[in-house]
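These notes concern the structure reproduced below.
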Protein chains: 2
Amino acid sequence: MAATLRDVAALAGVSIKTVSNVVHDFEHIRPATRSRVRAAIDELGYKPNITARSLRSGRTGVIGLALPELSLSYFGELADAVIRAAERANLVVLVEQTGGGDRDREIAMLSSARLQMTDGLIFSPLGMTSDDAQLLAVPYPLVVLGERVFGGPADHVTMQNVAAARAATRLLIDRGCRRIAVIGARADEAVGSAALRLQGYREALAEAELPFDPELVGVAEQWHRVDGAEAMRAMLATGVRCDGVFGFSDTLALGAMREIQAAGLRVPEDVAVIGFDALDETRFSLPTLSTIDAGREQIADTAVRLLVERIAGRSEPGAVHFADFTVLQRESTAGERGPDPAA
Amino acid sequence: MAATLRDVAALAGVSIKTVSNVVHDFEHIRPATRSRVRAAIDELGYKPNITARSLRSGRTGVIGLALPELSLSYFGELADAVIRAAERANLVVLVEQTGGGDRDREIAMLSSARLQMTDGLIFSPLGMTSDDAQLLAVPYPLVVLGERVFGGPADHVTMQNVAAARAATRLLIDRGCRRIAVIGARADEAVGSAALRLQGYREALAEAELPFDPELVGVAEQWHRVDGAEAMRAMLATGVRCDGVFGFSDTLALGAMREIQAAGLRVPEDVAVIGFDALDETRFSLPTLSTIDAGREQIADTAVRLLVERIAGRSEPGAVHFADFTVLQRESTAGERGPDPAA
DNA sequence: CGCCACGGCTGCAACGTTGTAACTCACGCT
DNA sequence: AGCGTGAGTTACAACGTTGCAGCCGTGGCG
């Protein structure tokens, strides 16, 4: 059995509370008493019982992180960042998976008994919509990530999807691309990353006075690599030609790039490609993939900071925070494209 | 404030203990009482306080998972599998990162106060060695994963590295490869994945009576994609020729494959490539990458099962469990290679 | 008829910690 | 001498739960 305050107190010949005071570096303790207690602590190898402390204080020092799937690189990298940010705040992270966009599981997670021992939750939904916003009125501190649910009663940390997508598209336009395909649109989606990035794409086209061609919109309900490949293959098969591709995620872009190359086209000479997310692996594809760093580290830091503030009871929830983004120019959009000979 | 047993008891006009009995589906309760208590529970929205229950019972229902980095795909997928396996056992997972092979951090993790509220730990070290085995004698249930520490006093779940590496090499040999390079050896390593996989490689060569050529051993201390690319580039730069490459991990193999293609060689026609780990993304590379599924799901299931047994106090620790492996034959090793014209 | 068994329920103590109030000195001031 | 002050320490209660012993009443059995 592990030693308790009582054991230490008995050995040191003081009261339990004095030992507790020593553990907490309380000021008014005689040096002699302090060292006697310290010795007893060392001798018994005493470690405070966190569970008892939690019961007493109402805090566990644990925060929950609910996200779709760790095996998706984006969420693996996000969890990495959240855990590191939490560690800096002396918190530890309990990770739950909701599956890839399973709305019911996401909603169930919000009232899961498994989260009881958590001081608060960072929640990244993929299946809920703004219609479900009122479900975010939970009786514990909550910070929501992502683009699925807006207008809820919780703090919200998100990225500048429209502006970042506009910048990505603009990069292709500046490089000389005139027929730019997107990969990753969702058929029935009004909110969410896909809709916002599509909006940014259209804004960039409009700014450059380029026409919007529905044939250049590749639909992909899931955003795995295979989905990007299939969408690209389908587009190429219909004979639609493009000189630039904007993948709404890096995995989509990498899948699409594979199909472009398999079709005998060169990247970036024939088709330039840019992704979104700045996954580590984009630095090592062939060619290296240009992408958007939408501020994942900053999102993790901000989410943890907001959650800590909410746990401490400071500030009112409901604010929306946008992270900064960066365009990462790599090989897949390198070079300058001359005037289009076919135009 | 959340409702407690006391509140429910007062509302239902029964004792606290009766409410507790209802919550726990205790048998001998009059239906009338039961429904009255149930109604009070619903009215107040009572949820048991897990922290208090933990203090009383000594169990938290939380297990720890300590691994190097979630942003490495292998560990992201491992964590995914562990969390799913834990969920089936009604456990929730607290994830800690030790960094990529930081021995001191790994050792510190074993006695971290942050794990106090955990019933046990699944630990995947990357920097420790068998010299540190006695450090695994911790006063809580522990299951160790991986190839770094053998002979410790904890349960151990691992993969059949030697046999699986032999099978991977054998696949290349059967395909007709005669000069097979490996990527991912570590200079100073006696134990660990690299050493074991190198041993399997050498056994397969010996079986086929092929010579072992040190020039074909590519060193890579880290196993990111960039390390595989660099090792391969270095080997190609020295003029060493090979017709097959066995990457000790999928990321290494994918990095190596990129360099092979960048050098103007075709995969699999000029050089066949096989990896190790069966990462999801190997299904979507160009060409798709043959690899070894070393039994990640089974490892996660077994680790959770053993930990549960140890928490329950059943069985003595110290056993080593080996997962089954599968060879996944894909495009990167497709086709039959004729007799080597240069031979 | 007396006793036991048992269904149905209650009260108390305990898990290990911490906040609050209070106690005991020693000291210095009036 | 009497009193306030504050350092050093302690006792007690409480956080919300569950195990245990035990209470009361009813019905069956010898």
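In what follows, every chain begins at residue 1, and chains take the letters A, B, ... in the order their sequences are listed.
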- request: Among C:dG16, C:dT18, D:dT17, find the nucleotide with the atom closest to the side chain of A:R53.
  value: C:dT18
task: Please tell me which of the listed nucleotides, D:dT10, C:dT17, D:dG16, lies nearest to the side chain of A:T4?
output: C:dT17
Is [X] reaching over with its side chain to a backbone N or O of [Y], donor-acceptor style, under 3.5 angstrom?
X	Y	result
B:D119	B:T60	yes
A:D7	A:T4	yes
A:S130	A:A133	no
A:S57	A:R53	yes

Round to the nearest Å and state the distance from [X] atom [atom1] to [N] atom [atom2].
X	N	atom1	atom2	result
B:I50	D:dT18	CD1	P	9 Å
A:L55	C:dT18	CG	C1'	11 Å
A:R59	C:dG19	CZ	P	12 Å
A:L5	C:dT18	CG	P	6 Å

Considering only NZ, NE, NH1 and NH2 on the basic side and carboxylate oxygens on the acidic side, decide whether [X] and [Y] come within less than 4.0 Å.
X	Y	result
A:R148	A:E106	no
B:R34	B:E27	no
B:R84	B:D80	yes

message: Under the criterion salt bridge (charged side-chain N to carboxylate O under 4.0 Å, His left out), I'd like the reasoning laid out for A:R38 against A:D25: C-alpha separation, chi angles, the key distance, then a yes or no.
response: CA-CA 11 Å; A:R38 287 259 166 78; A:D25 281 327; 3.2 Å; yes
Between the protein and nucleotides 11-13 of chain C, list the N/O to N/O atom pairs that are separated by less than 3.5 angstrom.
none

DNA chain C contacts made by residues 24-40 of chain B, counting heavy atoms under 4.0 Å: B:H28, B:I29, B:R30, B:T33
field: B:S57 vs D:dT18: side-chain N/O to OP1/OP2 distance below 4.0 Å
entry: no
query: Does the side chain of A:S20 get closer than 4.0 angstrom to OP1 or OP2 of C:dT18 through an N or O atom?
result: yes
- request: Starting from the C-alpha separation in whole Å, work towards a yes-or-no answer on salt bridge (charged side-chain N to carboxylate O under 4.0 Å, His left out) for B:R105 and A:E87.
  value: CA-CA 13 Å; B:R105 256 189 75 106; A:E87 192 172 355; 3.3 Å; yes
